[in-house]
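In what follows, a single structure is set out as structure tokens and then discussed.
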Amino acid sequence: VDPVTLPRKLTQLLGAVLLCCTPQSLSAAAPEAAVKATFLVKFLSYIEWPAGKFTSGSPVQICVVGRDPFGLVLDRATTGQQTRGRSIIVRRLSSAEGAASCHLAFLGGSGSDVQKALAAIGSRPVVTVSDARGSNRRAMIHFLVVDRRVRFAIDTRATARSGIEVSSQLLALAHNLRGGR
Amino acid sequence: MIAAPIQKNSFEMPQMLAGLLAFGILLFGIAAVVQADNAYRSERVERAMVRSEILAFSVTAAVDFGDREAVNRATDAFRADPNTRIAAVYDRKGNLLGDYSRQGFQAPSRLPRNNGDPDTVIEIFVPIEKAQARIGTVYLQADAMPFIQRAARFATISIFVLAASLIVLILSLGQRSLRRANADLAQKNIELQTAIETRQAAEAQLRQAQKMEAVGQLTGGIAHDFNNMLAIVLGGIDMAERRIDDTAKARSALAHAREGASRAADLTKRLLAFARQQPLQPCQTCRSYYAGHWERASGSKRSLPVAFGRPMPTRGSSKMRY
């Protein structure tokens, strides 16, 4: 099962090409926003929404509510990506009012903005993500920076309230469930 | 004991069968060991494969998110298996993300090629996949059991098989020497039989010769006795002829002749008794009777120098035959 079947130089060339073009390699260059953008896309593979959230053939929607810290990085991260055979689209919303159809909503802005958005979404089956620092208000998934690396915490009670199932593999990576805060 | 006829072929067949049997047992044992060894090896490889697959599945998210800490936690579980040398996880580009390495081993920083000796090392590569796309590789290196240890594992059955074939061989060899000894014995028996027969013939010949000698002596003795008596008879008749004028003396001479004839008749009677194995009939004999004969035979008046007086054995005693 040897994966390295090409000559080394060709492999290096391929690596260089991948370095330029994949979202993961962009994150390696380490702007925090880029890492978070790729994480948002990757979360989709480890989350189960309640039945009826998807209509046949509809794409998966990632919404950015309020202030957008990603810009083009998120669009690049979703381009050409698929999850469970569905394409991914990015919607940007000024408020959480239209977020009911989103599958995953990143709540930008300060802690109070996050609180408002969470209240608007309520217990609808939308995976909410926040990264507001210095605030107790956290969405279901909350980005942290620990040891200069981007980590995330998962609020399993909040996901359970909304009928969202998070894969045990993702839970195992969650900072809070691993003993951190 | 009469030796059964020995057939050369009857030895060779069981001998060959025993050899074939020993060879068969040996072959069977080797086949069993090789088969068990192969099964054991493939079982070990299978086990390593399953573990690698479990690892690959459990680190999918960690690899996806590039979480080295989580990868290390997953690979550290291999610490419990003393046979695992290296359990390492590489990302899509072949860079090491996290690993467990046993003391004395180190996971290469780039995904290695499959280049170990399959007899001493088991190497497993399992792709880590997410939505049918490969996002990384699990590399597992484990000890393959060295040949000596595997041989030790099968020592019991090997010894059993060797012993069985040895027993068969030894039995067949023993039987062979036994058969040889039997044949030797039979040969000696025949020789002994011949010797006995030769000796019996010689003894019979000797007995015949002795018998003939005895008969010759007997005949000679009888002829001598008979001649004596004939001499008495002839002498009496002679004297009677010469003293025919003196009737009294002639009568006396004739009486002597008659006596000689009657003794000859006695002799023939005894001979007949001897021939018919009749019991003897000993009788009292007067000393004076023999003394008269003595005087006539010796021509002197000296008394017979024989002491008589021992009592006669009883008549018809079986000790007095002949």
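Chain identifiers are assigned alphabetically (A, B, ...) following the order of the sequence lines, protein sequences preceding nucleic acid strands; residue numbering begins at 1 within each chain. As the structure is a computational prediction, the values presented were derived from the model and not from experiment.
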Can you confirm whether [X] is buried at [atom1], in the sense that more than 12 heavy atoms of other residues, nucleotides or ligands lie under 6.0 Å from that atom?
X	atom1	answer
B/F160	CZ	no
A/R91	CZ	yes
A/E165	CD	no
B/F28	CZ	no

Does some side-chain heavy atom of B/E69 sit less than 4.5 Å from a side-chain heavy atom of A/R149? no
Report the residues that fulfil ring-ring contact (aromatic ring centres under 6.0 Å, His included) with A/F54, sequence neighbours left out, ordered by chain and then residue number. A/W49, A/H103
Partners passing ring-ring contact (aromatic ring centres under 6.0 Å, His included) against B/F78 (at least two apart in sequence or in another chain): none
Return the OG1 to CG distance between B/T60 and A/L170, rounded to the nearest 0.5 Å. 12.0 Å
When rounded to the nearest 0.5 Å, the distance separating NE2 of A/H175 from CG of B/D67 is 10.5 Å
B/S58 to A/Q169 - nearest heavy-atom pair and separation: CA-NE2, 3.5 Å
Which atoms of A/F43 come close to chain B, meaning under 4.5 Å heavy atom to heavy atom: side chain ones, backbone ones, both, or neither? both
Could you tell me which portion of A/R84 (side chain, backbone, both or neither) has an atom closer than 4.5 angstrom to a non-hydrogen atom of chain B? neither
Heavy-atom proximity to chain A below 4.5 Å, by part of B/F57: both
Using the six-membered ring wherever Trp is involved, compare the ring planes of A/F39 and B/F65 and label them parallel, tilted or perpendicular (cut-offs 30° and 60°). perpendicular
